[in-house]
S.K.: 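Take a look at this one; I'll ask things after.
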Amino acid sequence: MNQRIFGIDLLRVVAMIFVIIDHSIAYYLDAGDVTMMRIIVGDSVLFFMISGAVLLPIKGDSNAFLIKRFHRIIPPFLIWSIVYLLLAWHFEDWTLGELWKEVYSLPLKPSFTAAWFMYVLMGFYLIAPIMSVWLKNTSRRWVEYALVLWALSTMIPYASYYVEFPQDIHDTMLSPFVGYLGYMLLGYYLYRYPLHEESRRYRLIAWTVLILLAVALPIRLYFFTEKYGLTYMLYDDLHINVVAYMAIYFVLITQVKSLPKWIEKGVSRLAKLSFGIYLCHTAIFEYVVIPNFSQSQWAIFIAPVATLLCSAVIIYLLSLTPMKRYVC
């Protein structure tokens, strides 16, 4: 298996597992433990970084790219959205009017929590042709310039610890750089310019900065967030410490050269199913795992494993049917 492709497949599987752990274990933890868990566990933003790594700059015609990408994700997204709405209608006793309101709200409102990711991803696809023109005609230094400004925007919330900061983050000079698009650009950069191929001095500086931001900063600020009730800041996707440990996960995992063949085959198969698993895992957790395992003393350990296994089996079986292109 190609080394770099395997690294991306492995990262995709790890990201999927992180998401399931986050969404299932958090149900059984109190607020403080959830904070500590999310400081360590990765997030779905890894998928944004993967998109930047494998899609940018796009090759070929932009129209063909958009048609292919939206044709790939919209049918499964819509079908699973309807499935979630029907489940909610049945189990939560919605009226038909409430159900219909949720259906026609789908273009703007997700039908399940994890669906927020899909709306951002579709936005990335729309802007990918524009970014590609820039990336094909710019230098590495200008990409670094954009990433530095984005990183600075993720530091703004922490200014409130030290100075009076009455402005909204979107009212600052860095507002054009605020948002998830930075993750897509970061994935492109780390994949295009692998850290292990840089000079020893560059690697030392880069790892020092990443570790300080990912580990030392959260530890330093944890006591302040506890004092002011701002623990959510430590695991917000658009804060610098999260950016740092997402970069660490990306760099370490994509550098994996090989694993035992049986693991490589398992990773490859799971990677192909990861999109469908992502879309269905919330339904499996809420309507299968919680009703059957929530009373167990081992629920916190059983929940993520059962959610992953059930979701993987369901998507694998669906992938063997003519419905494959519409659900996974």
Side-chain angles (χ1 to χ4, degrees), residues 15-31 34 38 43-45 47-48 69-126 180 232 237 270 272-296 299-300 302-328:
M16 177 187 66
I17 293 173
F18 278 162
V19 169
I20 290 176
I21 289 175
D22 180 14
H23 292 170
S24 57
I25 290 183
Y27 178 83
Y28 301 98
L29 300 177
D30 59 34
V34 167
R38 285 178 173 165
D43 203 291
S44 50
V45 293
F47 289 116
F48 297 149
R69 298 315 304 176
F70 280 101
H71 186 261
R72 168 72 180 90
I73 69 170
I74 286 181
F77 169 60
L78 288 179
I79 288 177
W80 281 109
S81 293
I82 297 298
V83 168
Y84 277 94
L85 291 179
L86 291 175
L87 288 170
W89 172 63
H90 176 73
F91 288 101
E92 299 177 24
D93 297 321
W94 286 1
T95 65
L96 285 175
E98 290 172 325
L99 175 61
W100 173 240
K101 181 179 179 181
E102 293 296 324
V103 169
Y104 70 69
S105 297
L106 279 177
L108 297 174
K109 178 184 177 184
S111 65
F112 58 103
T113 304
W116 71 269
F117 167 85
M118 297 301 301
Y119 293 84
V120 180
L121 184 63
M122 287 187 275
F124 286 168
Y125 290 164
L126 291 174
Y180 289 104
Y232 73 91
D237 293 335
L270 274 177
K272 293 176 182 177
L273 302 175
S274 60
F275 182 51
I277 292 174
Y278 182 90
L279 291 175
C280 81
H281 79 275
T282 304
I284 300 302
F285 175 66
E286 292 182 357
Y287 299 110
V288 177
V289 174
I290 290 179
N292 291 284
F293 299 106
S294 61
Q295 301 304 316
S296 171
I300 194 171
I302 294 173
V305 176
T307 301
L308 175 60
L309 290 178
C310 290
S311 300
V313 169
I314 289 173
I315 297 301
Y316 173 71
L317 294 176
L318 288 172
S319 73
L320 301 177
T321 71
M323 286 291 293
K324 176 181 178 180
R325 59 178 293 189
Y326 300 108
V327 293
C328 59

S.K.: Given side chains that start at C-beta, do those of I74 and M122 come closer than 4.5 Å, heavy atoms only?
M.R.: yes
S.K.: Side chains of T95 and E98: closer than 4.5 Å at any heavy-atom pair?
M.R.: yes
S.K.: I'd like to know whether the aromatic ring centres of F70 and F77 sit less than 6.0 Å apart in this structure.
M.R.: no
S.K.: side-chain contact (heavy atoms from CB on, under 4.5 Å) with Y316: which of V313, L320, L318?
M.R.: L320
S.K.: Take F293 and V288 through the side-chain contact (heavy atoms from CB on, under 4.5 Å) test and state the conclusion after the steps.
M.R.: CA-CA 8 Å; F293 299 106; V288 177; 5.6 Å; no
S.K.: In Å and rounded to the nearest 0.5 Å, what is the CG to OG distance from D237 to S44?
M.R.: 6.0 Å
S.K.: Calculate, to the nearest 0.5 Å, the distance between atoms CG and CD1 belonging to L121 and I73 respectively.
M.R.: 4.5 Å
S.K.: Using ring-ring contact (aromatic ring centres under 6.0 Å, His included) as the criterion, point out the one residue from F117, F124, W116, Y119 that pairs with Y180.
M.R.: W116
S.K.: Answer yes or no: is there a side-chain heavy-atom contact under 4.5 Å between P76 and V327?
M.R.: no
S.K.: Let me confirm one number: the CH2-CG distance from W94 to L86, rounded to the nearest 0.5 Å.
M.R.: 9.5 Å
S.K.: Checking F285 now: which residues fulfil ring-ring contact (aromatic ring centres under 6.0 Å, His included) with it, not counting sequence neighbours?
M.R.: Y27
S.K.: Quick one: CD on E102 to OG on S81, what's the gap to the nearest 0.5 Å?
M.R.: 11.0 Å
S.K.: Closest heavy-atom contact between R72 and C328?
M.R.: NH2-O, 3.2 Å
S.K.: Using every non-hydrogen atom in the two residues, find where P304 and I20 come nearest and quote the distance to one decimal.
M.R.: O-CG2, 3.7 Å
S.K.: Below 3.5 Å, can you tabulate the donor-acceptor pairs from side chains in residues 273-283 to any protein atom, sequence neighbours excluded?
M.R.:
{"from": "S274", "atom 1": "OG", "to": "A271", "atom 2": "O", "distance (Å)": "2.8"}
{"from": "Y278", "atom 1": "OH", "to": "A114", "atom 2": "O", "distance (Å)": "2.8"}
{"from": "H281", "atom 1": "ND1", "to": "Y278", "atom 2": "O", "distance (Å)": "2.7"}
{"from": "H281", "atom 1": "NE2", "to": "H23", "atom 2": "ND1", "distance (Å)": "2.8"}

S.K.: Does any non-hydrogen side-chain atom of E286 lie less than 4.5 Å from one of F91?
M.R.: no
S.K.: To check you understand the geometry: which heavy-atom pair defines the closest contact between W89 and L96, and what is its length?
M.R.: CZ2-CD2, 3.8 Å
S.K.: Taking the side chain as every heavy atom from C-beta outward, state whether F47 and M16 have any atom pair closer than 4.5 Å.
M.R.: yes
S.K.: What closest approach, in Å, do V289 and A303 show between heavy atoms, and which atom pair accounts for it?
M.R.: CG1-CA, 3.8 Å
S.K.: Look up atom CD1 in I300 and atom CD1 in I302, then write down how far apart they are to the nearest 0.5 Å.
M.R.: 11.0 Å
S.K.: To the nearest 0.5 angstrom, please state how far the CG atom of L308 sits from the CD1 atom of I17.
M.R.: 6.0 Å
